[in-house]
Colleague: 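One structure, pasted below without further comment.
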Amino acid sequence: MMTPANPHVVEVRQMRFVRGKRMIFDGVDLDIQRGKITAIMGPSGTGKTTLLRLIGGQLRPDAGSIMVEGQQVDKLGHTALYQLRKRMGMLFQNGALLTDMNVFDNVAFPLREHTKLPEALIRDLVLMKLHAVGLRGAWQLMPSELSGGMSRRVALARAIALDPMIMMYDEPFTGQDPISMGVLVRLIRQLNDALGLTSVIVSHDIAETRSIADYIYLLSNGKVVAHGTSDELDRSESEWAQQFLKGLSDGPVPFHYPAEDYRRDMLAGENVVVSNR
Amino acid sequence: MMNTRTVEIWVGIFVAAGLAAIFMLAMRVSNLSAYSSAGGFDVTAVYEDASGLKVRSPVAMAGVTIGRVTQIRFVPLWDVMIKDGKVSAATKAAATSNDKNVETLKRAYVAVVTLHIDGQYDKQIPETSDANIYTAGLLGEKYIGLLAGAVTKCGEDEELLAALDGQKPAGTAKDCVATRYLTQGSLVRKTQGTLILEKLIAQFIDKFSSK
Amino acid sequence: MILSVIQNLGQKGLDFFQRLGRGHLLFVQILAGIPGLIPRFGLVIQQVFSVGVLSMVIIVVSGLFVGMVLGLQGYNTLVDFGAEESLGVVVSLSLVRELGPVVTALLFAGRAGSALTAEIGLMKATEQLSAMEMMAVDPVRRVLAPRFLAGFISMPLLAAIFSAVGVLGGYFVGVGLLGVDEGSYWSQMQAKVDLYNDIYNGVIKSLVFGIVVTWIALFEGSDAIPTSEGVSRATTRTVVHSSLAVLGLDFILTALMFGA
C-alpha cells in the first residue's frame, strides 16, 4: 500500500506489445480506478486476455509502462513480482482448476502455498470462500465433475482466497447459460463491493458487462477506441463503438476477412491456390 | 487420487524393493563378499614382467581369492633395493660415484605390484612364499598365485620330536631365524612374472640354433 | 526457390538453437528449485508414486522376460563351447552393464516420460500453469522440480529392480529348465561381476538416464503448443528424443567406463 491515495490501481501508459510480427497493442493508455469495476471490451482477437497477462506480469510490453500500485510491473524482479501477484486474483476463462485435486484442495492451494496457517483454520477459510460463491456443498467434487459455471465459481473462490486487492476476470461470461451468467454477474458485483476489491473484466458480452461495469474501455486494432461510463459510450461518436455496442454485422469492421477480389479469385481457379502455397 | 497414506506406503514399498535389488546385485551377483572385510594389509612383489596383470586382478592361494592387486608401478630396480635394505650404507655412499653397476641398477626398471590381502590372513603366510603370475584357463585373465613357502629354516626336526615327547624344544640354534610372515609392508621375494609365449619361443629357437 | 530453401534451413537452425537454449535454461531453473523441495518432500513422494511405483509392473515383467530370453539365448550359444556354466556371467553382465539401465530408461521414457509430457502439456493448455503463476506460485518449483527429482530417484531403483528380476529370470530358465548347475550359475557370476566396474557404473548410467529422460519429458511438456495436437506431438517427441538420447549417451558412457 505505497500510495493508497492514488485513485488508480493500474496505470498503463503508451504501451506497445508485439507478438511475432503482429502488433497487438500500439500505444494504449488505461487507468483502472480503485474500488470500481472496469470493463475492457473489444472483438475477439484484440488481445484483451493479453492485456490481463501484461498487467499480471506474465508478459512484458515492448514499450511503455504498466504500473500496478505504484510499481512498474515489467521492471520487477522475480521475487517482487511474485509478492505483487499475491495481491492479484485472476479468473481464467475456463477456470484453470488444478485437475489433480478436488474443489476443497483447489481453493486451499494458494493458502497452503503462501501461509503457514493450521489446517483447521484453512478449512474454515476455504469453506467461507466456497460459501461466498455458493458451492460449499461441492467441496469434495473433482474439477472434472463440475459444470463450466461451477468451475468458474470455484476458481473465483480460489482467486479471492488470499483476499487480493485487484481481481481480473478473463471472459467470465463466455459459454455460460443465462442462469450461471446471472449468478456470475451478481457475484462479481457483490464481491467487488463487499471485499472492497478493484475489478477488471475483459469481455465481449455487451449486455452483461455493461450491466455491472462502472467504466468501460473499448479496444480495437491495438488502440483504445472509446472509453467512458456505459451512458457516455452510447453517446460516443465513434462509428466503430456504435457498431460494436449494437452488434451490427457490417460497419467500420467489415464482414469479410481481407481477401483478393472475389471475382478474380473465382475465375483464377487452381492456379491461385498453388501459387499461394 | 488415492489418499496420502496409500501413496506413501506404495512409495515406501517401491524404494525398499529398489534398494533390495541394489543390495542383491551387490551381494549376490557381484564379488563384494571377496573384499568385504575391512582392514587387510598391503605387500609388494617385484616382477620383471607383469604384463596382463591389472589393478583389481585377484590374488589367490590354493585357488581361494585372498586379495586383489591394488597398484602396479614401474620403478628402477635400484629404488626397490634401497627400500629393501639390500644396499649397504657404504654402497649407497658409493652410489654418488659413477659406479657402473649402480648405473645399471638405476636404469633397470621393474614392475612393482602392490597386493592387498584380506586381514584374516595377516601374519599367516610365510614371507618365503612364492607369488607367481598365472593365467586362469587357456585364455583367462591373469592372477597372482601365492604358494606357501617353508615355515622354518632350522631346527624343524628337533622341534617336532620334542613336541611329540611332550618336552620343550632343546633350545634353538643361534643362527636359526624365526619364520617371518607376510604383514603390512612386507616384500615377497620369490616371484615369477608373466610367461610370454613369444619370449619362450625366442629362447627356444636361440638355444636350438646355437647348438 | 533455392533462396527460400536456405532461408528455411536457417530458420530451422535458429529454432533448434532456441529450443536448445530454452531447454538448458529450464534445466537450470529446475535445479535451482530443488533445494526448496526439502521442507516439502511430500510433493516429491507423490511424484515418485506416479513416476516410479506405477512403472514398477512393466519393469518387473519386462525384466523377467528379458532375463529369461538371455538365459535361453546365452545357453544355446555357450553350450556349443561347453561353457554353459558361465551362463550366470553372461546374463548378469549383460543386464547390469547394459540392458538394465538402457531398457529401463526406454520403458521409462515410454511409460513415465510420455505421461509427464502429456500432463504438463495439458496443464499448460488448460492454463493451470498460468493460473499458478498468477497465484504467485512458481510452476517450475511447484510442478516441474518435484517431478524431476522423482525421476532422478526412481530411475536407478527401477533399473536395479529390472536387473535383479532379470538375473532371477535367467536363473529360472538356465537352472530350472535347462539344467545348468545352480552353484556355477551364482559362483561364476560372483567371480566375474565386479561391484565397482559393473554395478556401480550401471547405477551411474541409470542416474544419467533418469536426469535426461525426465528433463526431456518436462521440457517437451512445458514447451508444447497448448493445443491437443501440440500436446500429442510433444508426447511423441519425448519418446523419440529421449530414446535416442538414452542410446547415444549409453555409447558415450560405456566408452568412458569400460573402454580403453
Colleague: Kindly compute the distance separating CD1 (B:I22) from OH (C:Y200), expressed to the nearest 0.5 Å.
Modeller: 12.0 Å
Colleague: Could you work out, with ring pair (Phe, Tyr, Trp, His ring centres under 6.0 Å) as the rule, every residue matching B:F74, not counting sequence neighbours?
Modeller: B:Y109
Colleague: Using non-hydrogen atoms only, which part of C:S187 is less than 4.5 Å away from chain B: side chain, backbone, both, or neither?
Modeller: neither
Colleague: Applying a criterion of heavy atom separation less than 4.5 Å, what residues of residues 88-96 of chain C form contacts with chain B?
Modeller: C:S92, C:V96
Colleague: Do you know which two heavy atoms are closest between B:M24 and C:V167, and how far apart they sit?
Modeller: CE-CG1, 4.2 Å
Colleague: Provide the full list of ring-ring contact (aromatic ring centres under 6.0 Å, His included) pairs with a residue in residues 162-192 of chain C, sequence neighbours left out, each pair given once.
Modeller: C:Y171-C:Y185, C:Y171-C:W186
Colleague: Please report, to 0.1 Å, the donor-acceptor pairs under 3.5 Å made by any side chain of residues 53-62 of chain C, with sequence neighbours excluded.
Modeller:
unit_1	atom_1	unit_2	atom_2	d
C:S55	OG	C:V51	O	2.6
C:S62	OG	C:I58	O	2.3

Colleague: Would you indicate whether B:Q71, at its atom CD, is surrounded by more than 12 heavy atoms from other residues, nucleotides or ligands within a distance under 6.0 Å?
Modeller: yes
Colleague: Measure across C:V48 and B:V11 and return the closest heavy-atom pair with its distance rounded to 0.1 Å.
Modeller: CG1-CG1, 3.7 Å
Colleague: Nearest 0.5 angstrom please: B:L25 CG to C:I161 CD1, how far?
Modeller: 10.5 Å
Colleague: If you take all heavy atoms of C:A164 and B:A21, which pair is closest and at what distance?
Modeller: CB-CB, 3.8 Å
Colleague: Would you say that more than 12 heavy atoms from the other residues, nucleotides or ligands in this model lie under 6.0 Å from the CD of C:E98, or not?
Modeller: yes
